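Read through the structure below, which is laid out as structure tokens, and then see the notes.
Proteins get letters first, then strands, A, B, ... in listed order; numbering begins at 1 in each. Quick caveat, the model's predicted, so the values are computed rather than measured.
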Amino acid sequence: MSASLQKGINVLKEQVDSTVASFFSSCVNCGMCAEACLFYTETGDPKRTPINKTEPLRRIWKSDYTLLGRIGKMFGLTKSVDEQLLTDWESLVYDSCSMCGRCTMVCPVGNDIALMIRKTREGMAAAGHAPEGLIGATKRAVTIGSPMGVKLPALMAQISHVEKDTGLKIPVDVEGAEYMVLLSSMEIMNFPEFIDAVARIFNKAGVSWTISTEAFEATNSGIQIGVSDIAKILVQRVVDAAEKLKVKTVISPECGHAYMAIRWEGPNLVGKKFNFKVRHILEVLDEFRKDGRLKITGKETQKLTYHDPCQIARRGGVIEQPRNLIGMFSDNFVEMPDNGKMNWCCGAGGGVSSNERADEIRLKVFQRKKDQLDEIKPEAIVSACSNCRIHLEEGLEEYNMDIPLLSLTETLAEHLADD
Amino acid sequence: MSRISNDAEFKQALHNLSPVQQRIVAASFVEHILPLSKDNRLKNITKIALDKDASDDELASALKSAKAATFDSHTRCGSEGNWTDQAGYFVARAIMAALTPLSQSKAGGPAWQAAMHSRIAQTSSLIDSGDVAPTDNQWQYDILSNYLNAK
Amino acid sequence: MSEIEFLNWVRGPGFQIATIIFIAGVMIRIFEIFMLGRKANLAEAKGSEMASGLRTIVSRSLPDAGTFKRSGFVIVAGYIFHIGLFVTIFLYAPHILLIKDVIGIGWPALPSAMVDAFAVISIVALLALLARRYTDKVRKTLTTFEDLLVWFVTIAPLVTGYIAFHRIGLSGPMLLGVHILSVELLMVVFPFTKLMHAFTLFMARWYTGAISGYRGVES
């Protein structure tokens, strides 16, 4: 057995805790998870059934953690994890899954299948079976500080542009600020108007905030590829910066997995509780709304709907806040069929969009979102994740649908009242 | 007509233009920075945007091409970003903004949006070379002033 | 072995052996899970783990409308045979008497004709589900030998019970003996298969509810 395969197997073993064991023990192979997963419903490929994606982990659980399995292993009767299995499962675990967690919501015996897939990725990555795009992104995240290679001077260039545009100073490395804002490379490179929006809103809200030059990246490629050690390094940078600047709250921007990484996995990765709060930008904006710090004027008249980014809504718990905020600038809002915690994934999260090999399937499964939209025929879609946004735009273009995508934060900023 | 020399005047003057005028001025900004993009489609798209007699169909088709150009040139999440190429993305976004109808345009109107994206395009093109001093926007003020004076 | 000897054996030693294997097996399997433990969650909680976990144990039995539309067959057929099993095991007079003998408590029974009807409906549901396992792509991909074995040991008591009740084919004692043997087979196979879900689903649902509730999402 090769060293990397052995490493993968060892890592898979470490993933089995009481939750995983209870999940595999309870699975009755009913297949309901398939019908909740857009990678199955839009392709009809039964191998993409969510619980099937966890087969490498299941084999380890069976052979090493069950009574019958342990006995069977002694006689060589259990199914083992080998190179062929991992090779065959790569495209299932990485290309056909965004860890959106819809399967978790419908499993009748209560299995958190998305979590099981997250854990399966740990083993696959350790054995060298992660997609190239993600490996590159992760390397860049560790060595450069950004999965897309965004260096500090580039950020400063965007910042000075925003300063000129807004006439506001962007506070950088300000000690004692209440909020430390993280940004995703996607935003810095493709949607720098987000920084613009944050500056204007926070200025009007009258709160102190800052960006840290030592930890400005929100995206955590370690989570996407499934290597907790790397995810830990990336989180630690943020923790160090937040502690150095003595901020009260770290803000995760409009990026899905960034929130999961820093808000929910973060303290568990670094092994200790944070002494600062972590909030998604939408949570903070909703707090501003409640405190009366947001003066909004004018309404969007077009019929709006909201796409719930999976890691923020279903897996993150930020479901009501965007709706409260949209209510500030829209009287013409319609929910998607299956909304909130049951909304359908856009199809691009969890590393899928970073993986060129997954391009075809990613655009194919957009059909599910298209069907949702066809039912309500909105004139614009609001969302709060740059990755969802660019993928939805691409999907809409591919299917000849003329529906603009709006960032919630940017739209709020556009409606700020001049006082 | 005095020359425009700051953003406040610039934004106000743009705001006062008619939709067709905004499109043409916006397209003029893009024309200036076209060399920053390697996408040949943008030349043609800009030409259509500059044409005050362009038909609705031509404009719609040009907008569609501009959108496609932005998808093709954006940096994929997690891939290695190249700011020189990214400048091309912002040029595409600028012409896309120029062609977006006023009702669907973001704050400030199509011409202001195009101006902003053009500025980011310039900044982007300089990042890789390490020169990140904020660029001078006088060229945009001049384009607008010249347009207004020629009317 | 004569019929009576067979019947006495399954009622006596057979039942004892099956019970020991069943109880010991289930306890070992549950212990196996608990002893693995899980790390404490250090993130700032948005909701209560315990309350959410308990809630999900109950709420997971009720699918949402969208899910029901897509997975209706599995849900309905599944419920039919689960409810059928519950009725035929726990609401049938002879079974209640047996339980009363063992643990000292009994309760009112349903009329036997009704229990009979439940048995038939459950058998039909199980047959339909088996057919589905082989005609539907997803089920076909997931189905293993274990699924087949479990299906068999689950339907066997229902079928043999029905046959014993209606006295078809063999003599009374023989039919009863076979029925009891089929139950013992189920008990012996139980701890080594997915039948454990009857116990472990409480843990799985709790864990998922707890994880989700921690993040402020009702699941």
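Heavy-atom neighbours of chain C within the stretch residues 33-43 of chain A, taken at a separation under 4.5 angstrom, comprise A:Ala34, A:Glu35, A:Tyr40, A:Thr41. Proximity to chain A at a heavy-atom threshold of 4.5 Å picks out nothing from residues 114-129 of chain C.
The backbone N or O of C:Arg215 sits nowhere less than 3.5 Å from a side-chain atom of A:Arg315 that would complete a donor-acceptor pair. Checking side-chain atoms of C:Arg70 against main-chain N and O of A:Met32 turns up no donor-acceptor pair under 3.5 Å. No donor-acceptor pair closer than 3.5 Å links the side chain of C:Lys137 to the backbone N or O of A:Pro46. Side chain of C:Glu44 to backbone of A:Lys277: no donor-acceptor contact under 3.5 angstrom is found. With hydrogens and angles disregarded, no donor-acceptor distance shorter than 3.5 Å links the side chain of A:Ser18 to the backbone of C:Phe34. A side-chain donor-acceptor contact under 3.5 Å links C:Lys46 to the backbone of A:Gly316. No donor-acceptor distance shorter than 3.5 angstrom exists from the side chain of A:Lys341 to the backbone of C:Ser219, with no hydrogens or angles considered. For A:Asn29 (side chain) and C:Leu142 (main-chain N/O), a donor-acceptor pair under 3.5 Å exists by modelled atom type.
With a 4.5 Å cut-off on side-chain heavy atoms, C:Ile211 and A:Leu115 count as touching.
Here A:Cys30 contributes atom SG and C:Arg133 contributes atom CZ; the two are 8.0 Å apart, rounded to the nearest 0.5 Å. To the nearest 0.5 angstrom, C:Ile33 atom CD1 is 10.5 Å from A:Thr19 atom OG1.
For C:Thr200 and A:Ser22, the side-chain atoms include no donor-acceptor pair closer than 3.5 Å.
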* Starting from the C-alpha separation in whole Å, work towards a yes-or-no answer on side chain to side chain contact (heavy atoms under 4.5 Å, CB included) for A:Cys107 and C:Arg60. => CA-CA 8 Å; A:Cys107 173; C:Arg60 206 35 90 92; 4.1 Å; yes
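The parts of C:Tyr214 that come within reach of chain A are both its backbone and its side chain, each placing non-hydrogen atoms under 4.5 angstrom from that chain. Of the two parts of C:Val74, only the side chain, counted from C-beta on, holds a non-hydrogen atom closer than 4.5 Å to a non-hydrogen atom of chain A.
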